[in-house]
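Inspection log for the structure reproduced underneath, given as structure tokens.
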Amino acid sequence: MNLAGQTAIVTGGSRGIGRAICKALAKQGARVGFCHADDPKAVDTLAEISALSEGFSFACDVSSETEVAAFFASSEQALGLPTILVNNAGILKESPLTKTAVLDFDRVIAVNLRGAFLASRAFVRSSKSGRIIFIASDLGVLGREGMVAYCASKGAIISMTRCLAHEFAPDILVNAVAPGSIATDMTSPDSMSPEALAKDLATPLARFGEPEEIASMVSYLAGPDSKFITGQCFGVNGGSVMQ
Ligand code: NAP
């Protein structure tokens, strides 16, 4: 129970990687408040967290300043001041550059990047110590055709990690986890082209990762054993990026 007495906020916690993160943090004893867009699966996720620790869920759009403020205020009222923030909410839209509408580009940047900015700002305005963990992507380093907004947003997340690590040291440690391809709705055949999925498997480990494999790295970065680590981006990616 490395995180007993801590309160975590996780954006996009209803399913996929965010859900695994919520459960891993709750298993370590943290109280966990998460937000989600509008998925009914949030009810089941909240029940699973509540079986492990105290939980709270809130429907909001992370790209909205007022909705993020409402999420933080309600979570604080329910669970207390947060000590851990995990910026996980994200969306991906695949399309070649010439067919990418401005609105679609803006939406991906708004959720993936502005959302992380808004949640981080809300966190540091109230919490004076703790951890911020961003969920970036190996594609933020590698880039990929047909994913300009997504890759640009994730590259910027890695940069934002370093900015905040400088700005809030030594009180708040700020790191990122950059997953490779993980088996979630985002990598289902409904969301990604067969070409992109084939590229996802072209790594040394030649498989999709599991959400829990990301969650265990997040747990480590949230816990007491990582207190000399800040400004880093950890690849959990089956070898897609080697640094
Ligand atoms: P996912 O299964 O599609 O889940 C996305 C989560 O984000 C859901 O909880 C969703 O809520 C929430 N969300 C989406 N838009 C939101 C918004 N505007 N406001 C609030 N919440 C919102 O995705 P995932 O695969 O778990 O991805 C999680 C993170 O990991 C993302 O940042 C993604 O870019 C990153 N990542 C994923 C992979 C991968 O291969 N899966 C690889 C690298 C990085 P609802 O359920 O309500 O829609």
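Note that ligands are numbered from 1 as they come in the structure, with each ligand's atoms numbered from 1 the same way.
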*Test log, rule side-chain hydrogen bond (donor to acceptor under 3.5 Å, both in side chains), inputs Thr45 and Ser14*: CA-CA 6 Å; Thr45 305; Ser14 48; 6.0 Å; no
*Ser63 near ligand 1 by a heavy-atom separation under 4.0 Å*: no
*For Glu67, is the nearest heavy atom under 4.0 Å from an atom of ligand 1?*
no
*asked:* With a 4.5 Å cut-off on side-chain heavy atoms, are Leu139 and Tyr150 touching?
replied: yes
*Is the closest N or O pair between Ser14 and ligand 1 shorter than 3.5 Å?*
yes
_Does the residue Phe34 have a heavy-atom contact with ligand 1, meaning some pair of atoms that are separated by less than 4.0 Å?_
no
*Is Cys60 in polar range of ligand 1, meaning some N or O pair under 3.5 Å apart?*
yes
*Would you call Gly115 a ligand 1 contact, heavy-atom distance under 4.0 Å?*
no
_Heteroatom distance test (Val111, ligand 1): nitrogen or oxygen, under 3.5 angstrom_ = no
*If you measure from the Lys or Arg side-chain nitrogens to the Asp or Glu carboxylate oxygens, is any gap between Arg207 and Glu213 under 4.0 Å?*
yes
_Option nearest atom 29 (C) of ligand 1 (shortest heavy-atom distance, choices Val86, Ile17, Asn88, Val236)_ = Asn88
*Within less than 4.0 angstrom of ligand 1, does Ala136 place any heavy atom?*
yes
*Can you check whether Cys35 has an N/O within less than 3.5 Å of an N/O in ligand 1?*
no
*Touching ligand 1 at all, Arg107? Heavy atoms, strictly under 4.0 Å?*
yes
*Shortest reach to atom 48 (O) of ligand 1 by a heavy atom, considering only Met186, Arg15, His36*: Arg15
*I would like to know whether Gln6 and Thr83 meet side-chain hydrogen bond (donor to acceptor under 3.5 Å, both in side chains); could you show each step before the answer?*
CA-CA 6 Å; Gln6 310 272 345; Thr83 52; 2.7 Å; yes
*Does Ala59 come within less than 4.0 angstrom of ligand 1, counting non-hydrogen atoms of the residue?*
no
